[in-house]
Amino acid sequence: AQKITQTQPGMFVQEKEAVTLDCTYDTSDPSYGLFWYKQPSSGEMIFLIYQGSYDQQNATEGRYSLNFQKARKSANLVISASQLGDSAMYFCAMRGRSTGRRALTFGSGTRLQVQP
Amino acid sequence: GAVVSQHPSRVICKSGTSVKIECRSLDFQATTMFWYRQFPKQSLMLMATSNEGSKATYEQGVEKDKFLINHASLTLSTLTVTSAHPEDSSFYICSALHGSGQYNEKLFFGSGTQLSVL
């Protein structure tokens, strides 16, 4: 079974500062993928960044980077230079490879509020 | 990124009626789509996996006769909530797999449907 844990129900950050959203996971699958999605108040899920369990480097996508620590089973999302438009729910998710299950398992989410 | 269109975005219906929600992949073919349900301030819970040309696979606890899924083409999956009741009120969101079948294939989501059953 796979499990994603996001321990921060809500976070505040000042505009232009960096913020880290925590994500830990548990899986028995030796090969897996980790994802982060953003959900604004409008409801759509926006893909942000992906990290493969065997990737040698941490993933980066613009202002988003993923701090992947495999031994600790953590995949924290770092948003640099926060903008007001970053205010949203953020979900960490994962998919194991060997099970053949292609759906994502999501964490409970973190609500980020960027303050001017 | 790939575009997934979901319609309607909001629907209000009377108890006992059926509601159909459509999910379309606009610029790619999706042999597999997923339907999730999300309660307020909660995470997304997988309801079922929709496979083109075959029966959907439902998660444990999801009533297949209540939530009918049809994936008749490579770009369209529909979810029909039959005989809806107030407890079915929720945010339903579809997603489509885009990729080459590897484990890093990405999931793109529709904009969701807010169902309210009176």
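Hydrogens, waters and symmetry mates are skipped; everything else that's a heavy atom, side chains included, is used. Chain naming here is simple, since letters A, B, ... match the order of the sequence lines and numbering starts at 1 in each.
More than 12 heavy atoms of other shown residues, nucleotides or ligands fall within 6.0 angstrom of atom CE in A:Met11. Crowding of B:His7 atom NE2: a count of heavy atoms from other residues, nucleotides or ligands under 6.0 Å not exceeding 12. No more than 12 heavy atoms of other residues, nucleotides or ligands shown are found within 6.0 angstrom of NZ on A:Lys3. Residue A:Arg63 qualifies as enclosed at atom CZ: its count of foreign heavy atoms under 6.0 Å is above 12. More than 12 heavy atoms of other residues, nucleotides or ligands lie within 6.0 Å of CD in B:Glu87, so this atom counts as buried by the packing criterion.
Screening A:Phe35, A:Tyr32, A:Tyr64 against A:Tyr50 for a ring-ring contact (aromatic ring centres under 6.0 Å, His included) leaves a single residue, A:Phe35.
Residue-level contacts of residues 107-116 of chain A with chain B, in order of numbering, are A:Gly107, A:Ser108; threshold 4.5 Å between heavy atoms. Close approach to chain A, defined as a heavy atom under 4.5 Å from one of its heavy atoms, is seen in B:Thr32, B:Phe34, B:Tyr36, B:Gln38, B:Gln42, B:Ser43, B:Leu44 of residues 30-44 of chain B, taken by number.
Looking at A:Phe106, the atoms closer than 4.5 Å to chain B (heavy atoms on both sides) sit in the backbone and in the side chain alike. Of the atoms belonging to B:Ile93, it is side-chain heavy atoms, and not backbone ones, that fall under 4.5 Å from chain A.
For B:Glu59, the side chain to side chain donor-acceptor pair (under 3.5 Å) partners two or more places apart in sequence, or in a different chain, are A:Arg101. Shown here are the salt bridge (charged side-chain N to carboxylate O under 4.0 Å, His left out) partners of A:Lys73, two or more places apart in sequence or in another chain: A:Asp26.
No other option in A:Gln6, A:Gln39, A:Met89 has as many heavy-atom pairs under 4.5 Å with chain B as A:Gln39.
Between the side chains of A:Thr60 and A:Ser65, no donor-acceptor pair is found at a separation under 3.5 Å.
Here the side chain of A:Lys70 pairs a donor or acceptor atom with the backbone of A:Ser53 at under 3.5 angstrom.
Put simply, the side chain of B:Ile12 reaches to within 4.5 Å of the side chain of B:Leu118, judged on heavy atoms.
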